[in-house]
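Start at 1 with the first residue, then count along the sequence.
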Amino acid sequence: MLVYPSSIDLSTRTLRFLAGQLTARRRDIGTRWRRLPVACQALLALAHLRCGDTYARLAAGFGIGIATVYRYIREAIEVLAALAPTLAEAMRTIRTKAFVILDGTLLPIDRITADAPYYSGKHKRHGMNIQVLTDPFGRLLWASPALPGSTHDLTAARQHGIIDALAAAGLKCWADKAYQGAGRPVRVPFRGRHLKQWKRRHNTTHAKIRCLGEQAMATLKGWRLLRKLRCSTNRITAIVQAVLVLHHASA
């Protein structure tokens, strides 16, 4: 297999952050020797998460076995996921904002037609539902655990406790039509084809505010692994949490 030099569009700050967390992990478990030094393990994990490089390609590039690549990446993801904020922790930051934007996205997965719970009728593909909270400028604040793609956005928001948390904090939240019926904390546009002029103006203003939340989706999809996940669905929550932590570390 041919090997060539490449690059990752991340800063050395992100690499140092992950290397520091892995160093602490090795110290805690009493690791004496590894095939790769901690900085190389961090680089390996970032290449997988950011660029979507496969285990086979990474094994060839770093000169180690595929099983070793799997263990290194899984360890890095678990270390990062443990640092991800819970919704309660995120709400302490969110309370300082004028309002938040709530939106959902589908992370595509590699599944067959028989896997009905993972099929999204809205997107016409298999995937996992992720709920995202952003600040008024579209900066990613929190991402939810992953649910099967057939889950409706409003159902997912209620299941994660997002609606109750916003109501308890008295926060304003902008969201799209999928969250109709969420209640007072969530402001949604009017539905219908023949709306009065003042309702159309309201929807236009609402869309200008809510569209900033799409920047958070672009932030997530900037990590190429999330564009088509081929791992077990049980690991997707940890992967999303790891990406969230790395995003905050590099901000």
Side-chain angles (χ1 to χ4, degrees), residues 8 10-53 55 58 62 64 67-95 100 105 107 109 128-135 139-148 156-157 159-162 165 216-217 219-226 229-251:
I8 306 175
L10 293 171
S11 65
T12 55
R13 179 181 178 179
T14 308
L15 179 65
R16 289 195 300 269
F17 171 78
L18 179 52
Q21 297 301 321
L22 291 173
T23 299
R25 163 73 175 178
R26 293 188 181 189
R27 187 185 308 117
D28 290 342
I29 63 177
T31 299
R32 293 185 178 181
W33 181 85
R34 291 279 186 98
R35 184 70 181 271
L36 290 181
V38 69
C40 289
Q41 181 183 355
L43 185 62
L44 175 82
L46 291 177
H48 179 67
L49 293 170
R50 186 68 176 182
C51 304
D53 289 339
Y55 295 155
L58 292 170
F62 284 84
I64 56 178
T68 304
V69 171
Y70 173 81
R71 290 196 302 270
Y72 280 177
I73 290 175
R74 182 154 189 163
E75 181 182 44
I77 290 174
E78 289 174 353
V79 167
L80 291 169
L83 302 174
T86 63
L87 179 59
E89 292 170 343
M91 288 303 298
R92 287 196 283 270
T93 301
I94 293 172
R95 285 190 181 95
V100 292
T105 188
L107 300 181
I109 61 174
M128 299 294 285
N129 181 296
I130 298 292
Q131 299 295 302
V132 170
L133 288 171
T134 72
D135 69 7
R139 291 189 288 254
L140 181 62
L141 297 175
W142 180 80
S144 74
L147 292 175
Q159 187 169 333
H160 295 309
I162 299 172
M217 302 306 175
T219 297
L220 283 177
K221 299 299 175 65
W223 297 79
R224 295 174 184 84
L225 184 66
L226 297 181
L229 289 155
R230 294 177 172 83
C231 62
S232 167
T233 54
N234 295 327
R235 296 185 57 206
I236 293 177
T237 293
I239 292 173
V240 172
Q241 290 174 337
V243 167
L244 177 66
V245 171
L246 287 172
H247 169 68
H248 287 166
S250 61

- Message: side-chain contact (heavy atoms from CB on, under 4.5 Å), that's the test. Do Leu229 and Arg235 meet it? Break it down for me.
- Response: CA-CA 10 Å; Leu229 289 155; Arg235 296 185 57 206; over 6 Å; no
- Task: Ignoring hydrogens and angles, state whether a donor on the side chain of Gln41 or Arg26 is under 3.5 Å from an acceptor on the partner side chain.
- Result: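 Gln41 vs Arg26: donor-acceptor pair found between side chains.
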- Message: Tell me whether the count of non-hydrogen atoms from other residues, nucleotides or ligands lying under 6.0 Å of CZ in Arg35 goes above 12.
- Response: no
Side-chain contact test, heavy atoms from C-beta onward, threshold under 4.5 Å: evaluate it for [X] versus [Y] and give yes or no.
X	Y	result
Thr237	Met128	no
Thr93	Asp135	no
His48	Tyr55	yes
Phe17	Leu83	yes
Leu87	Gln131	no
Phe62	Leu43	yes

- Check step by step if side-chain contact (heavy atoms from CB on, under 4.5 Å) holds for Leu36 and Thr68. CA-CA 10 Å; Leu36 290 181; Thr68 304; over 6 Å; no
Result block: side-chain N/O donor-acceptor pairs under 3.5 angstrom for residues 244-251, not counting sequence neighbours:
{"from": "His248", "atom 1": "NE2", "to": "Leu140", "atom 2": "O", "distance (Å)": "3.0"}
{"from": "Ser250", "atom 1": "OG", "to": "Leu246", "atom 2": "O", "distance (Å)": "3.1"}
{"from": "Ser250", "atom 1": "OG", "to": "His247", "atom 2": "O", "distance (Å)": "3.0"}

- Query: Using 4.0 Å as the upper bound for N to carboxylate O, is an ion pair formed by Glu78 and Arg74?
  - Reply: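 Yes.
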- Item | Test side-chain contact (heavy atoms from CB on, under 4.5 Å) applied to Ile64 and Tyr72, step by step | CA-CA 11 Å; Ile64 56 178; Tyr72 280 177; 4.2 Å; yes
